[in-house]
Amino acid sequence: MLRPEHCLRLLPPVATPGLAASAAPFCCPLHRRGAVHQFRPPRAPALRLGGKPSSAVRASAGPDAAVAPAPPEMPQREVARALAEKAVARLGPRLLPSAVPDDVAEFRNGAGNAVGSLDVRRGAPSSSIDFMLESTLHCKVPNGAIDITSILIFLNTMTDAPHFLLELIQGSSTSIVVILDLLPRKDLALHPDYLQKYYENTRMDEQRSKIEELPQARPYRSPSLFVRSACSPTAVMVSIDCGQGGEGTLEEIVHGQLAAVSKEVLQIWLECCADSTAEMDDAERDCLLKRDQIVRSKSIEVDLTASLPRMFDPDVSSRVISEIRKAFGVQEP
């Protein structure tokens, strides 16, 4: 979950727990494995990608806390839902059932203006799948709302094939940031055969070009050098801005070019990476594991620990981060 840090600048400080119930609701802006679904009022079960519906969205505040109205279903969530369903159908028994607690599968803050979901499915024993994570975050801001939808599929050390990453960050009704990549697990300069196998032979760069060539697309450059170094040279990292009155144009792009490219990249990953195995000696395996752990730890440090506590009450953000750490295999600091 390598999110654009500029979204966090919109976040005001979170009210202290003691003041949360009595103070006016603060506005927080704004992902299996975040689930891709439409958030619904607490009485209605929410549809979660790859997971079973929960009976209610758990709240950390008392019964008088305001409840945010359900955001309308968004095109990017429909696209992500279709991708997750395709991945689950293909991976099948290699994924275990979700074991995420209900109060993490669906969560919101005490003020009722931020809601989220998380779904994690671990890989079955003897599978090269480590986990599949789906997540959504939706937070109201003074001038609208920020919505983040994520899908991560990470592999274990049975293979050195890349991980799959999709993150869609919508900051307005006419703009969206897209991060789509096969995350490399080796230094590409030191392993040109790896670069050729997973990026050149699969023609991944053609998929990147299809999005970057859109007239509404501009390159997105994360302020984090680590984030930029972790992605492949074929990563789709763009900001699509359709300008004032461009809601319809953005929806057409999301359902059209973005959906098509995302589906193709997932298909490449399913065909070339998901079933891959690699002969490695102990030193190579240890190096691969160390690199994976650094990427995971840094993702939590740069992303989650900076954003979730600013949107959700401490007990909620702590539960969610703890569950993600468990999926990532990263210990508490």
Side-chain angles (χ1 to χ4, degrees), residues 1 14 17 20 28 30-63 65 67-68 70-71 77 80-81 84-85 87-88 91 94-125 127 129-139 147-154 296-297 299-301 303-333:
M1 289 180 281
V14 173
C28 297
L30 286 206
H31 61 78
R32 263 127 126 103
R33 171 182 74 271
V36 179
H37 68 278
Q38 178 177 357
F39 290 107
R40 305 179 187 278
R43 292 181 180 273
L47 174 63
R48 295 198 297 110
L49 260 183
K52 56 184 179 298
S54 61
S55 60
V57 176
R58 303 291 183 88
S60 61
V67 177
R77 292 199 182 182
R81 177 185 294 114
E85 289 174 349
V88 170
L91 298 176
R94 284 179 282 177
L95 290 174
L96 297 175
S98 173
V100 175
D102 284 349
D103 58 357
V104 175
E106 312 281 351
F107 54 94
R108 65 179 175 90
N109 65 4
N113 59 353
V115 289
S117 72
L118 176 72
D119 192 26
V120 177
R121 295 181 63 177
R122 302 307 300 263
S127 166
I129 306 297
D130 192 0
F131 65 85
M132 178 173 174
L133 183 150
E134 304 161 49
S135 69
T136 60
L137 291 175
H138 181 90
C139 188
D147 190 271
I148 298 177
T149 301
S150 308
I151 300 176
L152 301 174
I153 313 178
F154 272 44
R296 298 178 192 200
S297 297
S299 296
I300 292 175
E301 173 191 332
D303 178 19
L304 294 172
T305 57
S307 60
L308 280 178
R310 303 182 69 179
M311 292 184 287
F312 298 94
D313 305 311
D315 60 329
V316 175
S317 60
S318 176
R319 287 198 304 269
V320 175
I321 292 174
S322 177
E323 201 65 30
I324 293 175
R325 284 188 183 278
K326 188 189 304 182
F328 278 22
V330 175
Q331 299 297 319
E332 297 285 343

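Computed from heavy atoms alone, side chains included, the values below leave out hydrogens, waters and symmetry copies.
Side chain of Asp103 to main chain of Phe107: no donor-acceptor pair is present (N/O by atom type, distance under 3.5 Å, no hydrogens or angles). Checked by atom type and distance alone, the side chain of Arg122 pairs as donor or acceptor with a backbone atom of Asp130 at under 3.5 Å. Between the side chain of Asp313 and the backbone N or O of Asn109 there is no donor-acceptor pair closer than 3.5 Å. The backbone N or O of Ala124 sits nowhere less than 3.5 Å from a side-chain atom of Arg94 that would complete a donor-acceptor pair.
Side-chain contact between Met311 and Ser317 is absent, with no heavy-atom pair separated by less than 4.5 Å.
Among all heavy-atom pairs drawn from Ala327 and Val120, the shortest one is CB-CG1, 3.6 Å. Across all non-hydrogen atoms, the minimal contact from Ala99 to Glu323 is O-OE2, 4.4 Å. In terms of heavy atoms, Met132 sits closest to Ala87 at CE-CB, 4.0 Å. When all heavy atoms of Arg296 and Val330 are compared, the closest pair comes out as CB-CG2, 3.8 Å.
Inspection of the Thr136 and Thr149 side chains reveals no N or O donor paired with an N or O acceptor under 3.5 Å.
Ring geometry for Phe154 versus Phe328: interplanar angle under 30°, hence parallel rather than tilted (30 to 60°).
In this structure, NZ in Lys326 is found 14.0 Å from CD1 in Ile321, a value given to the nearest 0.5 Å. The distance from the CZ atom of Arg325 to the OG atom of Ser297 is 7.5 Å, given to the nearest 0.5 Å. Separation of atoms CD1 (Ile153) and CZ (Phe131) is listed at 10.0 Å; rounding is to 0.5 Å. The OG atom of Ser127 sits 8.5 Å away from the CG atom of Leu96 when rounded to the nearest 0.5 Å. Between the CD atom of Glu106 and the CG atom of Leu118 there is a distance of 10.0 Å, given to the nearest 0.5 Å.
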Does the pair Val88 and Leu95 meet the rule for a side-chain contact (heavy atoms from CB on, under 4.5 Å), with working shown? CA-CA 8 Å; Val88 170; Leu95 290 174; 4.2 Å; yes
Applying side-chain contact (heavy atoms from CB on, under 4.5 Å) to Leu308 and Leu137, what does each step give before you reach the verdict? CA-CA 9 Å; Leu308 280 178; Leu137 291 175; 4.0 Å; yes
From CA spacing to verdict: side-chain contact (heavy atoms from CB on, under 4.5 Å), Arg77, Asp147: CA-CA 10 Å; Arg77 292 199 182 182; Asp147 190 271; 2.3 Å; yes
